[in-house]
There are 2 protein chains.
Amino acid sequence: MSVPLYQAKAEMFRTLGHPVRIRVLELLQAGPRPVRDLLAEIDVEPSNLSQQLAVLRRTGVVVSFRDGGSVMYALSTPDVADLLAAGRRILGAVLTDRDGLLAELRAHSPAD
Amino acid sequence: MSVPLYQAKAEMFRTLGHPVRIRVLELLQAGPRPVRDLLAEIDVEPSNLSQQLAVLRRTGVVVSFRDGGSVMYALSTPDVADLLAAGRRILGAVLTDRDGLLAELRAHSPAD
DNA sequence: TGCCGAATTGCAGAATTCTTCAATTCGCGG
DNA sequence: CCGCGAATTGAAGAATTCTGCAATTCGGCA
């Protein structure tokens, strides 16, 4: 493996690090959707959405295929939903903790 | 909520989108560690590591405190481990799928 | 075939993020 | 108080990512 594992992981997370891309993934959790729908819900220029979709495709978290007159996108694996859920959890935990945990850790250390 | 939720999520993921930061988090899964240790294992300049640690601190995924002569870092919540695990799973799934899922999805669509 | 809407691609400028060097802070021990 | 090692901060240039416009591709359909 010429590219270290942690670099691949970083790339994976960096792929999710964009508001539009996050929204796309959340919308896709409910099932495959045509680009047209995403465009209607996300409020971003078509070309911009395409760019972001391309990023998601490149990393492999979504796949696309044509369905009649429109292009459909779908999560490549339901595991993506887990990732989003974990993110949500941490966001919650982080907002609640802020100081709490820090104090506890410090209490157990021989420092003070 | 002036800052949309999906923007906060994106920020959270973007925080993990860097090889050094990922490594730090993985090392911290085993418990709190002094900067000195991280520095010894990661092969990056001290100032660079500090910068990355600052990013992690800003987002709140890690906390730091002083322990005698050194500064300790720790995950702010064990949920972070879940996130890393989910990332690993997706990485695996994505590498295996490549085409497989796509074909299946296409089969169910009225397209072809 | 020729047109139309849907979606993507190619770029260029703007905005962010990375990396490194030098300077600074902070505790601790002499 | 002064010097030291540990870690952080500030700042600047390099590198990467974002955004929007124009042009292009691709199917489907008259």
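First the proteins, then the strands, lettered A, B, ... as listed; each starts at 1.
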Taking the side chain from [X] and the backbone from [Y], do they hold a donor-acceptor pair closer than 3.5 Å?
| X | Y | value |
| --- | --- | --- |
| B:R88 | B:L83 | no |
| A:R21 | A:L53 | no |
| A:R14 | B:T15 | no |
| B:T59 | B:V61 | no |

Provide, to the nearest angstrom, the distance between the [atom1] atom belonging to [X] and the [atom2] atom belonging to [N].
| X | N | atom1 | atom2 | value |
| --- | --- | --- | --- | --- |
| A:R33 | C:dA6 | CZ | P | 17 Å |
| A:R58 | C:dT9 | CZ | C1' | 11 Å |
| A:R36 | C:dC4 | CZ | P | 18 Å |
| A:Q52 | C:dT9 | CD | C1' | 14 Å |
| A:M72 | C:dA6 | CE | P | 15 Å |

Quick one: [atom1] on [X] to [atom2] on [Y], what's the gap to the nearest 0.5 Å?
| X | Y | atom1 | atom2 | answer |
| --- | --- | --- | --- | --- |
| A:I90 | A:L95 | CD1 | CG | 11.5 Å |
| A:D67 | A:R33 | CG | CZ | 14.0 Å |
| B:M72 | B:S70 | CE | OG | 6.5 Å |

Margin query: If you assign each of A:V20 and A:G69 to its closest nucleotide in DNA chain D, which residue comes earlier from the 5' end?
Written below: A:V20
Notebook entry, point to check: Quantified as the angle between the terminal helix axes (five pairs each), what is the overall bend of the helix from C:dT1-D:dA30 to C:dG30-D:dC1 to 10 degrees?
Noted result: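 So the angle between the two local helix axes works out to 10°.
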Item checked: Under 4.0 Å protein heavy-atom contacts per nucleotide of nucleotides 12-17 of chain C, with B for base, S for backbone only and - for none -> -----S
Check: Do B:V55 and B:L84 belong together in a cluster built from hydrophobic side chains that touch within less than 4.5 Å?
Finding: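 Unlinked, B:V55 and B:L84 end up in two clusters.
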Note to self: Does anything in residues 39-51 of chain A come within less than 4.0 Å of DNA chain D? Heavy atoms only, and list the residues if so.
What the structure shows: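 Residues of residues 39-51 of chain A that come under 4.0 Å of DNA chain D are, in numerical order, A:E45, A:S47, A:N48, A:Q51.
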Check: Mapping A:A54 and B:V55 onto DNA chain C by nearest heavy atom, which one lands closer to the 5' end?
Finding: A:A54
Checklist line | N-O pairing of B:E26 and A:K9 below 4.0 Å | finding: yes
Next item on the list: Name the closest nucleotide to the A:L53 side chain, picking from D:dA6, D:dT9, C:dT8.
Entry: C:dT8
Item checked: OP1 or OP2 of D:dA6 under 4.0 Å from side-chain N/O of B:Y73 ->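 For D:dA6, neither OP1 nor OP2 has a side-chain N or O of B:Y73 closer than 4.0 Å.
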Check: What closest approach, in Å, do B:V94 and A:S76 show between heavy atoms, and which atom pair accounts for it?
Finding: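 That closest heavy-atom pairing would be CG2-OG, 3.9 Å.
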Check: Taking all atoms of both residues into account, what is the closest heavy-atom pair of B:F13 and A:G87, and its distance?
Finding: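 That would be CZ-CA, 4.1 Å.
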